S.K.: 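One structure, pasted below without further comment.
Please read all numbers here as calculations on a predicted model, not as lab measurements. Indexing begins at 1, ligand by ligand and atom by atom, following the structure's order.
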Amino acid sequence: MAPVAISPIKVGKIDDVQELRKANSKIPERFVRDITERPKLATAALSSSSSSSLSSDIPIIDFSKLSKGNKDEVLSELLKLTAACEEWGFFQVINHGIDQSLLEQIEKVSNDFFMLPLAEKQKYPMAPGGVQGYGQAFVFSEDQKLDWCNMFALGVEPKFIRNPKLWPTKPGQFSETVEVYSSKVRKLCKSLLKYMAMTLGLKKDVFKEMFGVAVQAIRMNYYPPCPRPDLVLGLSPHSDGSALTVLQERKGSSVGLQILKDNKWVSVQPIPNALVINIGDTIEVLTNGKYKSVEHRAVTHRQKDRLSIVTFYAPSYEIELGPLPELVDENNPCKYRRYNHGEYSKHYVTNKLQGKRTLDFAKIQTNNSNQNPT
Ligand SMILES: O=C(O)CCC(=O)C(=O)O
Ligand SMILES: [Fe+2]
């Protein structure tokens, strides 16, 4: 095996935001966003009791109607799913079949992990420029702004992407819970992809057959309260590189997830026990842009903390992908080139989060210019 190159990445000092919060110190400059990037006060100050007017419009899909409904119910839910994928790229799934007790358990072990002393969490450090372990991912330079977030991330499937040294021994039941939870979420992703294929008029197993042994990772994002939510971002705007992403929010979390809809940031109001699903870049490419990945970010709250548990589901690294021929014709010319998914994943994790910039990797350039959000 070739020797491992020493990482040339210099990320500077990355303060642990929970420790900053405990010390009650001034927000370091590295967290303070340029004026143009700061969240608008009205949205940053949202508490869980005040909802953004648009957030309730985010489509809700009743999974049990898709999986167990009669013909009419299946059909009407598939139509809702089509609209959700075409118009939003985001939806919430209710009656998804994952036990409430398991949702509560993953929230508990994740929360307990972040509440451990710093020294314990630092036994599982995220390497500079790395994406697994405890720390802050997507930081590649000393002058890059930081997110008001602590992350803990693990590769889950296939097994070879796991780094066993990063699976924590505390809190008890952490690894077992991640294991069981991930297998249930995996099943849900497979089913959702099947229904999405049906909405596209494709063979229902098209994604299953194409993906091989899918890659799955989990990331827990912990956002402590921030004394100046108007100056910072919990998580920088980005689209996900996955095919599908499944997000769960811990009960009692502040409202924090925002999606860019018609060039405006819209808050996602969590529904108890629902899971938030979003389309990642991979599905955008495969559908030739019919179902687009949507830019999203997290904002923080002055008094309340927030915890999200996020699963990324993507094809096996060795597959080559590009727009499905069924979705390319003279009215819908091919918008993305073919590429190896492993290369795209590498490209994604070695670049800072910056809107949908990473998808430029795959785009066949046209003269269409990108608009900046308001
Ligand atoms: O915490 C959130 O709501 C956003 C998380 C997210 O977008 C991500 O981890 O990719
Ligand atoms: Fe995301």
S.K.: Determine whether the side chains of S236 and R33 contain a donor N or O and an acceptor N or O closer than 3.5 Å.
M.R.: yes
S.K.: If you draw a sphere of radius 2.8 Å around the Fe ion (ligand 2), how many protein N/O/S atoms end up strictly inside it?
M.R.: 3
S.K.: Going through the distances and angles, do V246 and C189 end up as a side chain to side chain contact (heavy atoms under 4.5 Å, CB included)?
M.R.: CA-CA 8 Å; V246 178; C189 288; 3.7 Å; yes
S.K.: In the protein, which heavy atom is nearest to atom 8 (C) of ligand 1, and how far is it?
M.R.: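 So the nearest neighbour among protein heavy atoms is R219 NH2, 3.4 Å.
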S.K.: Would you call R306 a ligand 1 contact, heavy-atom distance under 4.0 Å?
M.R.: yes
S.K.: Considering only heavy atoms from C-beta outward, does the side chain of L188 approach that of F63 to under 4.5 Å?
M.R.: yes
S.K.: So, T358 and N351: side-chain donor and acceptor under 3.5 Å apart, yes or no?
M.R.: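 Judged by distance alone, the side chains do not pair up.
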S.K.: Considering all heavy atoms of both residues, which atom of Q248 and which atom of L103 are nearest to each other, and what is their separation?
M.R.: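 Taking Q248 first and L103 second, the nearest heavy atoms are NE2-O, 3.0 Å.
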S.K.: Find all atoms of ligand 1 within a distance of less than 4.0 Å from any non-hydrogen atom belonging to Y223, and give their numbers and elements.
M.R.: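 Answer for ligand 1: 1 (O), 2 (C), 4 (C), 5 (C).
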S.K.: Tell me the contacting part of L247 for ligand 1: side chain, backbone, both, or neither, using a 4.0 Å heavy-atom threshold, strictly below.
M.R.: side chain
S.K.: List ligand 1 atoms under 4.0 Å from L235, heavy atoms only on the residue side.
M.R.: 4 (C), 5 (C), 6 (C), 7 (O), 8 (C), 9 (O)
S.K.: Ignoring hydrogens, just give me the one of N221, L353, I309 whose non-hydrogen atom is nearest atom 5 (C) of ligand 1.
M.R.: N221
S.K.: For H238, which of E295, H296, R297, K352 qualifies under side-chain hydrogen bond (donor to acceptor under 3.5 Å, both in side chains)?
M.R.: H296
S.K.: Any chance the side chains of Y195 and E77 put a donor and an acceptor closer than 3.5 Å?
M.R.: no
S.K.: Tell me, which protein residue and heavy-atom name are nearest atom 10 (O) of ligand 1, and how many Å apart are they?
M.R.: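 Going by distance alone, atom 10 (O) of ligand 1 is nearest to H238 NE2, 3.0 Å.
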S.K.: Relative to ligand 1, is H296 under 4.0 angstrom through side chain, backbone, both or neither, heavy atoms considered?
M.R.: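 Within the 4.0 Å criterion, H296 contacts ligand 1 through side-chain atoms alone.
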S.K.: Record the part of D240 in heavy-atom contact with ligand 1 below 4.0 Å; permitted values are side chain, backbone, both and neither.
M.R.: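 Just the side chain.
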S.K.: Does the Lys NZ or Arg CZ of K261 fall within the cation-pi geometry relative to W88 - under 6.0 Å from the ring centre and within 45° of the axis?
M.R.: yes
S.K.: Please tell me whether Y344 and Y336 form a close aromatic pair, meaning their ring centres lie under 6.0 Å apart.
M.R.: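 For Y344 and Y336, the ring centres are not under 6.0 Å apart.
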S.K.: Please list, one pair per line, the donor and acceptor atoms closer than 3.5 Å that link side chains of residues 122-131 to other protein atoms, with sequence neighbours excluded.
M.R.:
from	atom 1	to	atom 2	distance (Å)
K123	NZ	E120	OE1	2.9
Y124	OH	T169	N	3.2
Y124	OH	T169	OG1	3.4

S.K.: If you measure from the Lys or Arg side-chain nitrogens to the Asp or Glu carboxylate oxygens, is any gap between E142 and K10 under 4.0 Å?
M.R.: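 A salt bridge is absent here (no side-chain N lies under 4.0 Å from a carboxylate O).
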S.K.: Compute the minimum heavy-atom distance from E249 to ligand 1 and say whether it is under 4.0 Å.
M.R.: no
